[in-house]
There are 2 protein chains.
Amino acid sequence: MINSRFAVAIHILSLIASGPREKVTSEYIAGSVNTNPVVIRRITGMLKKAGLLQSQVGTPGAVLTRDPVEISLLDIYLAVQEKEDLFSMHENPNPQCPVGKNIQSALEDTFHTAQTAMEKELASKSLQDIRTRMAL
Amino acid sequence: MINSRFAVAIHILSLIASGPREKVTSEYIAGSVNTNPVVIRRITGMLKKAGLLQSQVGTPGAVLTRDPVEISLLDIYLAVQEKEDLFSMHENPNPQCPVGKNIQSALEDTFHTAQTAMEKELASKSLQDIRTRMAL
DNA sequence: ACCTATGTAACCATTATAGTTACAATTGGT
DNA sequence: ACCAATTGTAACTATAATGGTTACATAGGT
């Protein structure tokens with residue numbers, strides 16, 4: 001199961017896209033998400049590192065670096081996910097066994113295809129699409 | 001990240017599809033997967049509950065209930081996944097806030113679409129496809 | 001100077017996962 | 001009838017990821 005950072009990140013970016021900068025502090029966002037401000041700042045840090053927003057110590061709030069139409073859900077997803085593989089493999093299957101020897105390469109390709117199908121779907125939706133769905 | 005039970009389950013079913021029944025004991029499978037026999041029996045239990053294989057206390061091994069061509073990777077995936085949602089949501093966003101109020105329903109649909117894209121890909125591949133890739 | 005906010009580090013509680021030990025129940029061979 | 005082997009589970013452990021929390025250094029705005 002994919003962690004809730006993705007959902008929270010979309011929530012955060014939606015707020016930043018809407019509010020005036022000074023309003024969307026980590027404190028304020030935390031109030032909307034219903035969590036601790038540090039959790040927000042942690043995720044904000046990931047989004048910043050990915051180049052999706054800008055912020056500064058001492059200056060309240062944050063701003064998007066580009067238009068919500070230009071931010072795909074895949075951009076957001078990749079920003080907050082540390083593992084780049086969606087599926088896990090078991091380590092060290094027995095190479096003496098025909099199945100153990102070949103299972104990994106066989107699965108690698110299949111897993112990659114499935115992951116790509118999901119990511120393609122995320123790539124086709126923008127932050128603005130989500131905002132529109134919320135009637136913002 | 002999706003747990004390795006899925007990969008192990010495919011491994012297990014591949015062995016059962018190949019070997020003669022008496023040979024593919026949990027002990028033998030564990031040797032190929034490189035783990036503990038109980039881990040194998042645990043996953044085998046899930047696959048059995050999903051109707052993908054048959055086994056009996058006292059009788060070594062297991063058999064598939066249908067042809068590998070008729071077992072999709074989605075069947076296997078669903079058999080070993082307990083949560084049916086791929087994406088997590090944050091609980092209790094603030095209903096006083098326009099975003100907090102609408103984020104969940106907005107994401108629900110989007111997440112569902114992305115998950116479906118991935119599952120559709122898994123549904124299009126069979127256990128036999130994997131076996132073929134392993135040259136079995 | 002003072003207040004407020006960001007950015008991090010450090011720590012904790014909870015949960016999922018995989019591995020392990022132990023054992024009851026059942027089958028088949030002798 | 002007995003024994004060995006095997007499945008099916010329960011229970012426990014270790015590890016890692018996650019989210020929440022406290023604490024604090026740093027920077028801006030008044």
Side-chain angles (χ1 to χ4, degrees), chain A residues 1-9 11-12 15-16 19-31 33-50 52-63 80-93, chain B residues 1-9 11-12 15-16 19-31 33-50 52-63 80-93:
Chain A
M1 202 161 161
I2 291 163
N3 61 46
S4 69
R5 284 199 299 264
F6 183 34
V8 173
H11 192 145
I12 291 172
L15 288 171
I16 293 175
R21 168 159 198 164
E22 332 77 60
K23 195 185 169 194
V24 288
T25 64
S26 61
E27 183 83 28
Y28 172 80
I29 297 172
V33 171
N34 192 29
T35 184
N36 190 291
V38 178
V39 172
I40 300 301
R41 296 204 285 271
R42 196 182 285 155
I43 296 173
T44 298
M46 292 173 159
L47 296 171
K48 185 177 183 178
K49 188 183 269 183
L52 299 182
L53 59 79
Q54 250 313 313
S55 62
Q56 246 185 329
V57 174
T59 308
V63 287
V80 298
Q81 239 40 49
E82 20 208 51
K83 307 281 181 185
E84 75 172 34
D85 284 333
L86 179 61
F87 297 91
S88 306
M89 296 261 218
H90 49 298
E91 312 278 311
N92 312 316
Chain B
M1 201 160 161
I2 291 163
N3 61 47
S4 69
R5 283 198 300 265
F6 182 33
V8 173
H11 192 144
I12 291 171
L15 288 172
I16 293 174
R21 171 163 196 164
E22 331 78 59
K23 192 184 169 192
V24 287
T25 64
S26 61
E27 181 84 29
Y28 172 81
I29 297 172
V33 171
N34 192 28
T35 184
N36 191 293
V38 177
V39 171
I40 300 302
R41 295 203 285 269
R42 195 183 285 152
I43 295 173
T44 298
M46 292 174 158
L47 297 171
K48 184 178 184 175
K49 188 183 268 181
L52 299 182
L53 59 78
Q54 252 311 316
S55 61
Q56 247 186 328
V57 173
T59 308
V63 287
V80 298
Q81 241 37 51
E82 21 207 52
K83 307 281 181 187
E84 78 173 32
D85 286 333
L86 179 60
F87 297 91
S88 306
M89 295 261 218
H90 48 301
E91 311 279 310
N92 314 315

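The sequence lines fix the lettering, A, B, ..., with proteins before strands; numbering per chain opens at 1. A quick note: this is a predicted structure, and the numbers were derived from the prediction, not measured. The figures here come from the full heavy-atom set of this structure, side chains too, leaving out hydrogens, waters and symmetry mates.
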message = One character per nucleotide, please: for nucleotides 21-30 of chain D, 5' to 3', B when the base has a protein heavy atom closer than 4.0 Å, S when only the sugar-phosphate does, - otherwise.
response = BBB--BBS--
message = Could you check whether any side-chain heavy atom of B/I16 comes within less than 4.5 Å of a side-chain heavy atom of B/L53, counting everything from C-beta outward?
response = yes
query = Across the strands shown, which category fits A/K49 at heavy-atom distances under 4.0 angstrom: base, sugar-phosphate, nothing?
reply = nothing
query = For the pair made of CD1 in B/I43 and P in D/dG8, what is the distance, rounded to whole Å?
reply = 14 Å
request  = Tell me, please, which residues at least two apart from B/T44 pass side chain to side chain donor-acceptor pair (under 3.5 Å).
outcome  = none
request  = Find the distance B/I29:CD1 to D/dA5:P and express it as a whole number of Å.
outcome  = 19 Å
message = Could you tell me how far apart A/E82 (CD) and D/dG19 (P) are, to the nearest whole angstrom?
response = 10 Å
key: Non-neighbouring partners of B/R41 that pass side chain to side chain donor-acceptor pair (under 3.5 Å), sequence neighbours left out   = B/S26
query = Distance check: side-chain N/O of B/K48 vs OP1/OP2 of D/dT7, anything under 4.0 Å?
reply = no
ask   = Along DNA chain C, 5' to 3', what are the outermost nucleotides having an atom less than 4.0 Å from a heavy atom of chain B?
value = C/dA16 to C/dT27
query = For DNA chain D, whose closest nucleotide is more 5', that of B/S88 or that of B/E27?
reply = B/E27
ask   = Just by distance, do the side chain of B/S4 and the backbone of A/M89 share a donor-acceptor pair under 3.5 Å?
value = no
query = If you pin B/N34 and A/S55 to their nearest nucleotides in DNA chain C, which one's is more 5'?
reply = A/S55
key: Distance in angstrom units between B/N92 CG and D/dG19 C1', rounded   = 14 Å
note = A/E91 CD to D/dA16 P, in whole Å, measures 12 Å
request  = Could you tell me the separation between the CE atom of A/M1 and the P atom of D/dG19, rounded to a whole number of Å?
outcome  = 10 Å
All ring-ring contact (aromatic ring centres under 6.0 Å, His included) counterparts of A/Y28, not counting sequence neighbours = none
message = Could you work out how much the helix from C/dA1-D/dT30 to C/dT30-D/dA1 bends, comparing the axis of its first five pairs with that of its last five, to 10°?
response = 10°
Close side-chain approach of B/R21 and B/T59, heavy atoms under 4.5 Å = yes
query = Between atom CD1 in A/I2 and atom P in D/dT18, what is the gap in whole Å?
reply = 11 Å
ask   = With respect to the phosphate group of D/dA5, does any side-chain polar atom (N or O) of B/T25 fall under 4.0 Å of OP1 or OP2?
value = no
